[in-house]
Amino acid sequence: MGAIVNPTLDAADSLSSKFNQEKVDSDPVDDRVVRRAVLKMDLTILPIMTMLYLLSFLDRSNIGNARVAGLQKGLHMTDHQYQIAVTITYVPYVLSEIPANLILRRVGPNLLMPALLTIWGIIVLAQGFVTSFRGLIVTRAFLGLAEGPMLPGIVLYLSGFYTREELSLRIALFFSAASLSGAFSGLLAAAIVNMHGVANKPAWAWIFILEGIFTVVVGLVIFFLIPATPEDSKFLSDEQKRLIIQRLDRDRPFVKPLDTFSIKQVLSVMISPHVVMVAIINFMGGVNLFGLALFLPSIVNQLGFSPNHTQLLSVGPFAVGFAVTLITAYLSDRYKARAATIVAILLFSVAGYSLSLASPGKHTSYAALYLMVPGAYATVPIISAWFSNNTEPHYRRATSIALGISAGNCLSINNSPAGSALDAADSLSSIQSEKVDVELDHADSAAVKRAVLKMDLTLLPILTMFYLLSFLDRANIGNARVAGLQKDLHLTDRQYQIAITITYVPYVLSEIPANLLLRRVGPNILMPVILTIWGIIVLSQGFVTSFQGLAAARAFLGMCEGPMLPGIILYLSGFYTRKELSLRIALFFSAASLSGAFSGLLAAAIVNLHGVGNKPAWAWIFILEGIFSTLVGLVSFYLVPATPKDSRFLSDEQKRLIMQRLERNRPFVIPMDTFSIRQVFSVMITPHVLLPSVINFLGGTNLFGLALFLPSIVSQLGYSSNRTQLLSVGPFAVGFVVTVILAYFSDRYMSRAVPIVAVLLLSVAGYSLSLGATPKFYYLDVDLTSSLKASTSKHTSYASLYLMVPGVYATIPVISAWFSNNTEPYYRRATSIALGLVFANCGGILSTWRYPSHEGPKYRKTTIMNLTFSLVMMALTVTNALMLIWLNRQKKLRRSEILAPYVTKEEPNGGSRAWAVLGDRHPDFVYVI
């Protein structure tokens, strides 16, 4: 039996250490300097490459969104003509790839790539002015000619900066822009279509014009940002340049241009079996990838969704594709495995296409896209790295990369036929607004939609930032712990748990009082004030030197952060109708899962400041994030309106329409009611408030446990400090996607109970999978069977987090909307929202004591508890739904009896007095199930 492995983590590892720490040379080179140099390249080169390829894919595939927005109808094209317009792009695209890669070194990537980007931006812009099919195919052909060299050029360019073992992940990081472009394209199109008719241009034309202008501007800026080689980088010191070139020379002796161009080298690639075989794989994969990129909006539309819903529903599959692409590329580099990773990814697409064929229903077909897109996109970075890894010298590598990518583009012409023409005038706000319960008399519904869209674009980003910072600044103690907080402050596990727990005592106590004060103080004052104060407190945590100092800072942090979540929900309930609320809560609450992702990424970068100013890495996590929160708090004083009437972005007419629809949807928007302690206490004995509160307590235990301890769980699986920070990202990113999708369907079908039960099945599956995994033993044992079991358990336990996190996070927005939907008037609603979150945070307190280090990484007892809680949550949700159905029937049967005390000759239905006194008990108030 071997020695026990110590999972203690080095917080000073940099992002680049994922690969470099396993490849230390015997030469006396300062490995830490190399890591910093590679990190500098990551931070200066990869964002530029990502932007280049994002725009390449976006500007090539936005024809799909333009089609949904009316392009085919506007230019009077048949389905066949539309397919020709798409296909014609790829003829010059494919033909330009190999020649451009061969001249890349001679021209210089610092000149060729920005020039191509600027030119194709002008071409995209020109597409907005075409008036015929012929004009469209001419611009698309020139677009293909300009865009073709970009992907093979970037891959070849990066191969001159990174070692072979580092390349797949770096390719994935920029190629993930392909899946992100699909997400951004839908969101951008959903916003741009509102410009329909501006300057007498249709919506589809504005998609091309605005995206083209942006591309041209980026192209001109990038001329000044791209270095031709590592030696030309403005961001690397002379010593770092020397070390980078030295490590590249050792990894690939052909980095220096010792070889000259030879047509023999080019032709030799064409008959290399290992190149041709992979090119054939790319040839087949191109059908899947470009078919989804170009036609996914049309596929979604033909399932029966409206044009704007189509644009938005196109986002989810691409977002999941982004996450899977990064994770699989990381694993491919980590284990130096290309073939096995590609086969594993292709299982996604096989499952997706099989699901689509087996069950052609609307929702099943849409769900299948969440398997198809990752299965298509995630193979490309690994295959591209495979080409680069296995061909040398430079001109053979340049040819093989371009040949493989051009093969992938050849079958992009084989795509599905077009669907019916669509109306482009729908706005983002039509998700909810187009089906408002009561139509506005004599109101322009388009004007209402534009007003709601303005609120979406001006309110939600601010509130999302508020809650992202709230969750980030409260949960970053988990990342700080991984970075050495507990060790440096000499904390026991019990003291660390106390430091977390003490946050939630004032946090819980402040929620209800703050919500009751929100209207009187004004949300435009209260929310920025508490954000600024807690930013200062977070900053101060970076200077604590003892357990006592940490506990004091955490207590004050809880007191300031407590009011934020209930305050935001109550605030939004004064801007949106009941049917619109769940999705809006999800959009800002998704910041909770995003904060988990960002926290890991930020921590992975910040730990490189270890030792700066004689401060440890964990202190810099608090200091930098605290400074940012303080700055956002100060700026937000000028951005948050108290009510719709105070918005600087709405016209007077839009304000009137917004208030009118709110009054009809919820008669308590106008503050007719005054504060009454009786209203507050009445909530405490309301069954349909108490049951969801208990659900929130159980869910809060699961949620905060994952939020605070997920980095520690991953760390104890045996990963290094920096890998732990990065591997913490994936589950939270998936949680973000699932949260938004669930809330959308919850609002769309005006249902709360069914979505809650459905998503809880994910958490049940996740906890069950974790329990079922083979126990993990940290032994360096030569026994192969034992090693395989350990490895299987490790990866299974990590995989289970991808079910737990979305299954827990996605319930909160829907439950929060349930509180707001079913309690009136204002002060009852304020109390119920806060009470539900008090219960959730009490669950958070419990969770802080359920993850002692000695039980990790399985935490079997806690996992059993969490599984039980998820099952009980499902049972209570069904119970609450049945009770609300019964209450609605009772109010309908006893309507006259309930209204009798308030009926007058002037107001035979009880009027405003009945609404003010009865609130949600009014017989005309229908509880949301």
Side-chain angles (χ1 to χ4, degrees), residues 179-180 182-183 186-187 300 309 312-327 348 351-352 355 363-364 366-374 431 464 467-468 471 582-598 600 695 699-700 702-707 710 728-749 751-770 798-818 866 870 873-874 877:
S179 51
L180 277 182
L187 293 173
V300 175
H309 290 180
L312 294 169
L313 288 173
S314 301
V315 174
F318 290 113
V320 174
F322 165 72
V324 173
T325 299
L326 293 185
I327 293 167
F348 277 82
L355 179 63
H363 298 298
T364 305
Y366 176 68
L369 296 173
Y370 283 84
L371 296 171
M372 296 179 196
V373 173
I431 296 172
T464 299
Y467 193 60
L468 187 150
F471 216 90
S582 179
L583 180 59
R584 270 69 185 190
I585 293 173
L587 287 170
F588 87 77
F589 184 80
S590 59
S593 51
L594 276 183
S595 73
F598 289 152
I695 295 170
N702 294 0
L703 183 144
F704 287 106
L706 290 172
L710 189 139
S728 300
V729 173
F732 290 113
V734 174
F736 163 74
V737 174
V738 173
T739 297
V740 174
I741 293 171
L742 187 81
Y744 165 74
F745 284 110
S746 175
D747 276 357
R748 173 70 178 79
Y749 296 103
S751 173
R752 306 302 184 213
V754 173
I756 292 169
V757 171
V759 81
L760 282 170
L761 292 173
L762 289 181
S763 64
V764 170
Y767 292 122
S768 300
L769 181 63
S770 179
Y798 176 66
S800 68
L801 296 173
Y802 283 82
L803 296 171
M804 295 179 199
V805 173
V808 168
Y809 274 73
T811 60
I812 301 298
V814 182
I815 295 173
S816 298
W818 218 3
N866 290 340
S870 295
M873 287 170 70
M874 294 170 67
T877 300

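All residue numbers refer to positions in the sequence shown, counting from 1.
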Heavy-atom pair with the smallest gap, counting every atom of [X] and [Y]:
X      : Y      : value
Thr739 : Ala586 : O-CB, 3.8 Å
Leu762 : Pro806 : CD1-CB, 4.3 Å
Pro731 : Tyr798 : CD-OH, 3.9 Å
Ser800 : Ser770 : OG-CB, 3.6 Å
Val373 : Gly321 : CG1-CA, 4.4 Å

For [X], which residues count as a side chain to side chain donor-acceptor pair (under 3.5 Å) partner, sequence neighbours excluded?
X      : answer
Ser870 : Asn702, Ser763
Ser816 : none
Ser746 : Arg752

List in chain and number order the residues that pass side chain to side chain contact (heavy atoms under 4.5 Å, CB included) with [X], two or more places apart in sequence or in another chain; answer none if no residue qualifies.
X      : result
Leu703 : Phe471, Phe589, Val808, Tyr809, Ile812
Val320 : Val324, Tyr370, Pro374, Val737
Val757 : Met874, Thr877, Val878

Interatomic spacing from [atom1] in [X] to [atom2] in [Y] - rounded to 0.5 Å:
X      : Y      : atom1 : atom2 : result
Leu769 : Leu803 : CG    : CG    : 6.5 Å
Leu583 : Leu742 : CG    : CG    : 10.5 Å
Leu801 : Ser728 : CG    : OG    : 8.5 Å
Thr811 : Met873 : OG1   : CE    : 4.5 Å
Tyr767 : Asn866 : OH    : CG    : 4.0 Å

Next on the checklist: Quick one, Phe745 with Val754, criterion side chain to side chain contact (heavy atoms under 4.5 Å, CB included). Give me CA distance, side-chain angles, the key distance, then yes/no.
Outcome noted: CA-CA 10 Å; Phe745 284 110; Val754 173; over 6 Å; no
Next on the checklist: Within the 4.5 Å heavy-atom criterion, are Val734 and Val805 side-chain neighbours or not?
Outcome noted: no
Next on the checklist: Can you confirm whether Leu369 sits close enough to Val300 that some side-chain heavy atom of one is under 4.5 Å from a side-chain heavy atom of the other?
Outcome noted: yes
